[in-house]
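Side chains are part of it too, since the values below use all heavy atoms of this structure and drop only hydrogens, waters and symmetry mates.
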Amino acid sequence: MTDAVVPRAEDFDEIGALLALAFHNDPDPEVHEVERPIFEPDRSLLVRDGRTAVAHAAAFGRDLTVPGAQVPAAHVSMVAVAPTHRRRGLLSGLMRRQLREIHDARREPVAVLLASEGRIYPRFGYGSAAQRLVLSADTTGLRLPAPTPAEGTLRLDRPAGHADELARVYERARADRPGWSRRDERWWAYVLADVKSRRGGATERRVLLHDGPDGLDGYALYRTREDWPGDIPRGEVQVGEVVAHTPEAYLALWRFLLSVDLTRRLSFPVAALDEPLLRLVDEPRQLAPVLADGLWVRVVDVPAALAARRYAADVDVVVEVGDDLLPENTGRWRLVGGPDGAECAPTTAPAGLACDIRTLGELYLGGATPAALAATGRVRELTPGTLTRLTPAFTWHRSPVPMENF
């Protein structure tokens with residue numbers, strides 16, 4: 001068996017076959033053609049046993065919205081180990097080498113991923129930073145507030161041909177939502193791709209566009225799936241994204257989605273914890289929200305990461321951090337910052353609190369608070385009063401949430 005090597009672009013189909021095997025899919029040439037343009041071979045690591053690919057990990061370079069700012073982030077993905085080569089340390093070796101390269105060569109302050117299993121990645125320093133709500137709504141009789149004169153108009157179409165418009169709406173909204181990632185042309189093509197084998201029996205994707213007084217100000221991506229038990233229509237609306245700049249656009253989009261003819265159910269797997277829909281419907285229990293993990297964050301460079309984001313209140317604190325995989329992060333760091341900027345530097349001053357690198361990742365997007373994690377024992381208050389001062393600073397006015405699979 002060879003050590004991990006950087007693959008070539010032409011190795012993509014072999015890597016795709018390994019991923020299909022690990023995630024219990026059949027290799028699909030159409031899926032491969034959708035994923036090939038976003039593949040970055042120079043950011044991938046491949047292990048072979050002889051001529052057979054047996055382990056792989058990759059990352060994509062994209063900007064990530066964090067509280068008050070954008071930061072370059074390694075979007076870790078395409079991680080797989082062949083079933084015949086489990087429990088041999090291949091995953092650990094790939095993750096450790098990848099983190100070192102992100103730190104030394106890419107100089108990205110954070111890495112992010114979507115975990116196939118929540119137990120895997122904490123041991124590499126990833127913390128659950130952006131939770132989501134999975135909505136599985138019974139739409140029968142569900143009501144929203146009455147329309148207002150300012151709601152504008154709706155248009156229904158196929159997404160093809162609207163990528164530029166959607167990108168403008170998305171980018172404007174992304175600036176204010178921690179957890180969302182920048183999409184260039186390659187990523188918009190990936191997001192809007194509609195491979196039939198991945199529809200699960202549902203229709204092609206549709207885009208619902210909302211035009212307000214100043215033009216397009218919101219959209220929703222969705223598909224529907226028919227269901228006729230006993231000749232009674234019980235179809236489902238499967239919502240992928242809802243992005244809106246105004247309350248009027250948001251309300252109009254959801255009013256349409258919750259009332260599609262011949263449907264009685266709606267699913268939306270990436271609702272934010274502060275999703276306005278929860279406060280708009282007349283019976284929130286019918287949304288049946290279930291809490292799930294979403295984006296996992298690994299702080300790769302402590303001072304760079306803490307200085308990059310903004311803080312809801314002024315903060316001046318010394319944090320003691322432990323990091324077994326990247327020892328450069330271990331030590332005491334003085335963070336001074338607020339809504340307009342921040343600085344972070346090493347210090348020998350006494351620490352106000354202590355945590356490990358995983359816990360710092362959970363705090364980073366503002367989805368968890370120092371006080372809440374102190375209750376688990378993973379944040380230790382070393383100077384009385386530090387938690388009271390620090391907790392408001394690390395929160396943010398919008399809950400972090402992931403938007404897409406990558």
Side-chain angles (χ1 to χ4, degrees), residues 15-16 18-25 35 38 40 43-45 55-62 64-66 71 73-83 85-87 89-99 101-102 108-134 178-181 187 190-191 198 240 268-273 289-300 305 323-326 355-368 372-373 376 378 399-406:
I15 294 167
L18 170 64
L19 292 167
L21 176 67
F23 288 94
H24 312 299
N25 298 311
E35 296 176 343
I38 62 172
E40 300 180 35
R43 301 204 57 164
S44 298
L45 295 169
H56 180 263
F60 309 118
R62 304 174 66 185
L64 176 75
T65 303
V66 302
V71 300
H75 288 58
V76 175
S77 185
M78 302 176 71
V79 179
V81 176
H85 288 69
R86 297 168 61 246
R87 305 292 185 263
L90 295 180
L91 176 64
S92 294
L94 289 174
M95 291 293 99
R96 289 169 181 267
R97 178 171 163 182
Q98 184 184 64
L99 283 172
E101 292 185 359
I102 292 169
E108 292 157 326
V110 297
V112 296
L113 57 78
L114 301 168
S116 56
E117 291 186 87
R119 71 185 69 184
I120 297 175
Y121 293 99
R123 69 180 188 266
F124 305 115
Y126 286 87
S128 179
Q131 294 179 304
R132 61 192 169 96
L133 294 175
V134 179
W180 288 13
S181 301
W187 279 97
Y190 172 78
V191 168
R198 295 294 177 89
F268 183 42
V270 287
L273 300 192
V290 174
L291 185 65
D293 66 285
L295 203 64
W296 294 69
V297 169
R298 210 296 181 181
V299 175
V300 179
D323 188 344
D324 294 335
L325 300 185
L326 294 174
C355 67
D356 63 10
I357 199 71
R358 170 194 170 189
T359 302
L360 197 61
E362 292 193 38
L363 293 170
Y364 189 65
L365 295 182
L373 290 173
T376 71
R378 292 197 289 116
S399 293
V401 67
M403 173 60 90
E404 72 207 36
N405 287 318
F406 55 83

Revision key, fill the gap. In short, H56 meets S44 closest at the heavy-atom pair NE2-CB, 3.5 Å
Review point. Would you say H75's side chain and L113's backbone share a donor-acceptor pair under 3.5 angstrom?
Key: no
Check your understanding: Between the main-chain N or O of F124 and the side-chain N or O of R298, is there a donor-acceptor pair closer than 3.5 Å?
Key -> yes
Practice item. Hey, could you give me the CG/OG distance between L114 and S77, rounded to the nearest 0.5 Å? Key: 8.0 Å
Point to revise | Qualifying residue, where the test is side chain to side chain contact (heavy atoms under 4.5 Å, CB included) with Y126 and the options are V112, V76, L295 | key: V76
Revision key, fill the gap. Smallest heavy-atom separation, W296 atom then P122 atom, equals CZ3-CG, 3.7 Å
Point to revise | For the student: nearest non-hydrogen atoms of V270 and P402, plus distance | key: CB-O, 3.8 Å
Exercise for review: Could you go through the salt bridge (charged side-chain N to carboxylate O under 4.0 Å, His left out) check for R43 and E101 one step at a time?
Suggested key: CA-CA 9 Å; R43 301 204 57 164; E101 292 185 359; over 6 Å; no
Review point. Donor-acceptor pair, T376 side chain versus L373 backbone, under 3.5 Å?
Key: yes
Review point. Can S181 and R62 be counted as having a side-chain donor-acceptor contact under 3.5 angstrom?
Key: no
Exercise for review: Find out whether R358 and Y121 are in side-chain contact, i.e. whether some heavy atom of one side chain is under 4.5 Å from a heavy atom of the other.
Suggested key: no
Practice item. Evaluate the side-chain proximity of F23 to S116: yes if any heavy-atom separation is below 4.5 Å, no if none is. Key: yes
Check your understanding: Do the ring centers of F60 and W187 come within less than 6.0 Å of each other?
Key -> yes
Practice item. Would you check if the side chain of Q131 reaches a backbone N or O of G367 as a donor-acceptor pair within less than 3.5 Å? Key: no
Check your understanding: Are the side chain of R132 and the backbone N or O of D293 linked by a donor-acceptor pair below 3.5 Å?
Key -> yes
Check your understanding: Got a donor-acceptor contact below 3.5 angstrom from the E40 side chain to the A58 backbone?
Key -> no
Point to revise | Side-chain heavy atoms of V297 within contact of L365, under 4.5 Å | key: yes
